[in-house]
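Worksheet for the structure shown next.
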Protein chains: 2
Amino acid sequence: MGGEKMMDHKVEGRPERARFVRESADFRRQALIEATARCLAEKGVGGTSVRAICAYAGVSAGLLTHYFEGVDALILATYRDVGEKVSSAMERAVTEAGPDPRDRLWAYLRSNFQPPVLDPNLLATWISFWSLNKTNPEIAATHAETYGGGRERMEVLLREAAPQIPRPAARIAAIALTALIDGLWLELCLDSSTFTIDEALGMLEEGMNYVLQKPRSETVDQ
Amino acid sequence: MGGEKMMDHKVEGRPERARFVRESADFRRQALIEATARCLAEKGVGGTSVRAICAYAGVSAGLLTHYFEGVDALILATYRDVGEKVSSAMERAVTEAGPDPRDRLWAYLRSNFQPPVLDPNLLATWISFWSLNKTNPEIAATHAETYGGGRERMEVLLREAAPQIPRPAARIAAIALTALIDGLWLELCLDSSTFTIDEALGMLEEGMNYVLQKPRSETVDQ
DNA sequence: TATTGATAAGAGCCATGGGCTTTCCAGTTC
DNA sequence: GAACTGGAAAGCCCATGGCTCTTATCAATA
């Protein structure tokens, strides 16, 4: 609408808008994702707002909607990003463990309790994701993917380390070890004074040894 | 103030305020607590507002502040209430298990996966509490109490079932079993299609047997 | 039965949140 | 070097949230 728009002269009351730098889309997206992770970790789900995220990222509030559909989409992207970071770090640990299958399995398991996976902020972020699972179907789908992928990977490593284990038993063992890890992880995050990381590693190692050395091949005949 | 107050005749423009019944403070408090639990379970932390809670409880929004300091205090009271319900249900299971120490321990462990403890809504509520742990010190304190109490109880049952287990080992065993339970619980809540409750019970039983039958008393000499 | 005082309802206030729009600026192109 | 393009900053609008405050209602008591 071509109205003449008043056109105030700005002789001295200049709005003084902040200068800014132009960045690539990838850079901004990544900054927003990392800011979201920090926000979830430090302030919880309730404190994770558009303004808080953008303040952490050092950008104005309008940018979030410019790069993402909304705050929900950004949280989902953060979930995916964090999940990939974790699984790639674990995979790296496996690669660095060398050729021995047992070493590789142990490296995979213990990497949950070593940097960069064992990071208080990361744990807190993860709990936030869990709490969104019920109300956000996309979060739930991403969780199913992440969990399923991790369990399958662990299953493969298990069968490589102990080929005599039958498939169904390997599945159960992977589920149990994952549950043990998650439970220890959870409590470490909620109250790190309950036990130490070394103690957690000890429990995990004992669980792995039990699963591997269990040679009783009494097939489940129910 | 004895003003003559206009005294509108209300011939037909009556405000029509809703009728209500008078209830005891305990009744209202309990109704609000149960509404909060339902709200947390169904709508998550983000959807748990004063209005939502009071709608579930069937009362007006003003009543929440009348009976509790605020919504945070109500959530804390709900946490305490849920925690007591769970622990009393587990204690009941132990009592009903009879005198055999091993039966009692197993009853305690398996009660986590039986009603009323195994309730999808309860699991979701619990995750909500976990997600509040970081930002709410009182929630964190309540968690520490609840977790510590459960672990100590499990430790006692463990040592009654297997007196040869030394104290430090019993502590570790209790922590590990609790972690296993929490991890299985968590995943059952997030995605119940991953495994069945019977499978979870099987894993838990195997864990208990391992802990009990482990007679190697090689004391930890690091 | 009239009084009284606590319980409950519901509107309202202020703050915050999310998303949208407008305005502005930095790098590009002709 | 001037117009152009699109990224970026603020401000705006409306909805929601927590909490308060006033008013209405009920039940027990004198």
Side-chain angles (χ1 to χ4, degrees), chain A residues 1-10 13-32 35-36 39-40 43-76 135-136, chain B residues 1-3 5-10 13-32 35-36 39-40 43-76 132 135-136:
Chain A
M1 53 204 79
E4 201 65 23
K5 241 324 176 42
M6 175 88 69
M7 187 181 298
D8 55 339
H9 275 221
K10 324 175 172 180
R14 280 273 289 283
E16 276 300 335
R17 179 174 289 220
R19 298 298 157 98
F20 62 91
V21 286
R22 239 176 165 75
E23 299 287 356
S24 73
D26 274 355
F27 182 92
R28 291 293 189 203
R29 267 187 241 270
Q30 198 56 34
L32 285 168
T36 305
C39 209
L40 285 173
K43 320 175 85 162
V45 210
T48 300
S49 65
V50 171
R51 288 169 176 83
I53 292 171
C54 291
Y56 274 2
V59 298
S60 75
L63 260 200
L64 194 152
T65 338
H66 188 253
Y67 282 109
F68 294 91
E69 293 281 321
V71 74
D72 287 347
L74 175 54
I75 289 179
L76 182 63
T135 53
N136 189 330
Chain B
M1 58 203 81
K5 234 345 180 23
M6 174 91 66
M7 185 181 301
D8 55 337
H9 276 222
K10 321 176 176 182
R14 279 273 287 283
E16 277 301 335
R17 179 173 290 216
R19 298 296 158 98
F20 62 90
V21 287
R22 235 176 168 75
E23 298 287 355
S24 73
D26 274 355
F27 181 92
R28 291 292 188 203
R29 266 187 243 272
Q30 198 56 35
L32 283 169
T36 306
C39 211
L40 285 173
K43 319 176 84 160
V45 208
T48 300
S49 65
V50 171
R51 290 172 175 85
I53 292 172
C54 291
Y56 274 2
V59 298
S60 76
L63 211 55
L64 194 153
T65 331
H66 189 253
Y67 281 110
F68 293 91
E69 294 281 320
V71 74
D72 286 346
L74 175 53
I75 289 178
L76 182 63
L132 293 173
T135 53
N136 190 329

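Every chain is numbered from 1 and lettered A, B, ... according to where its sequence line falls, protein lines coming before strand lines. Being a predicted model, the structure only gives us computed values, none of them experimental.
Nearest nucleotide to the side chain of B:Ser60, out of C:dA8, C:dG18, C:dC20: C:dA8. Listed nucleotides: C:dG10, D:dT25, C:dA26. Nearest to the side chain of B:Phe20: D:dT25.
Of all the residues in residues 47-56 of chain B, B:Thr48, B:Ser49, B:Val50, B:Arg51 reach under 4.0 Å from DNA chain D with at least one non-hydrogen atom.
For A:Arg22 and D:dA8, a side-chain-to-base donor-acceptor distance below 3.5 Å is absent, hydrogens and geometry of angles not being considered.
The nearest pair of heavy atoms linking B:Gly47 to B:Ala52 is O-CB, 3.7 Å. Between B:Ala61 and B:Cys54, the shortest heavy-atom distance links the atoms CA-SG, 3.7 Å. Across every non-hydrogen atom of B:Leu32 and B:Leu63, the tightest pair is CD1-O, 4.4 Å. When all heavy atoms of B:Leu40 and B:Val45 are compared, the closest pair comes out as CD2-CA, 4.1 Å.
Residue A:Phe27 contributes atom CZ, which lies 16 Å from atom P of D:dG7 at whole-angstrom precision. Between the CG atom of B:Leu74 and the C1' atom of D:dC19 there is a distance of 14 Å, given to the nearest Å. Distance CG (A:Leu63) to C1' (C:dC24): 14 Å, rounded to an integer number of Å. One interatomic measurement links the two molecules: CD of A:Glu23 to C1' of D:dA8, which rounds to 11 Å at whole-angstrom precision. Atom pair B:Leu64:CG and D:dT20:C1' shows a separation of 13 Å (rounding to whole Å applied). Put simply, NE2 on B:His66 is 13 Å from P on D:dC21, counting in whole angstrom units.
Look at A:Arg28 and you'll find a side-chain N or O under 4.0 angstrom from OP1 or OP2 of D:dA8. Between A:Arg19 and C:dC25 there is no side-chain polar atom (N or O) within less than 4.0 angstrom of OP1 or OP2. Taking only side-chain nitrogens and oxygens, B:Tyr67 comes nearer than 4.0 Å to OP1 or OP2 of C:dA8.
To the nearest 0.5 Å, atom CG of residue A:Leu74 and atom CD1 of residue A:Ile53 are 5.0 Å apart. The distance from atom CZ of B:Arg51 to atom OG of B:Ser60, rounded to the nearest 0.5 Å, is 11.0 Å. Of the inter-residue distances, the one linking B:Phe68 atom CZ with B:Arg28 atom CZ reads 12.0 Å to the nearest 0.5 angstrom.
Between the A:Arg29 side chain and the A:Tyr67 main chain, a donor and an acceptor come within less than 3.5 Å of each other.
Other residues, nucleotides and ligands contribute more than 12 heavy atoms inside 6.0 Å of the CD atom of A:Glu23.
In terms of position along DNA chain D, the nucleotide closest to B:Ala61 lies nearer the 5' end than the nucleotide closest to the other residue of the pair B:Val21 and B:Ala61.
Within 4.0 Å (heavy atoms only), B:Phe68 reaches no atom of the nucleic acid at all.
Computed from C1' positions of five pairs at each end, the angle between the two local axes of the helix from C:dT1-D:dA30 to C:dC30-D:dG1 equals 10°, rounded to 10 degrees.
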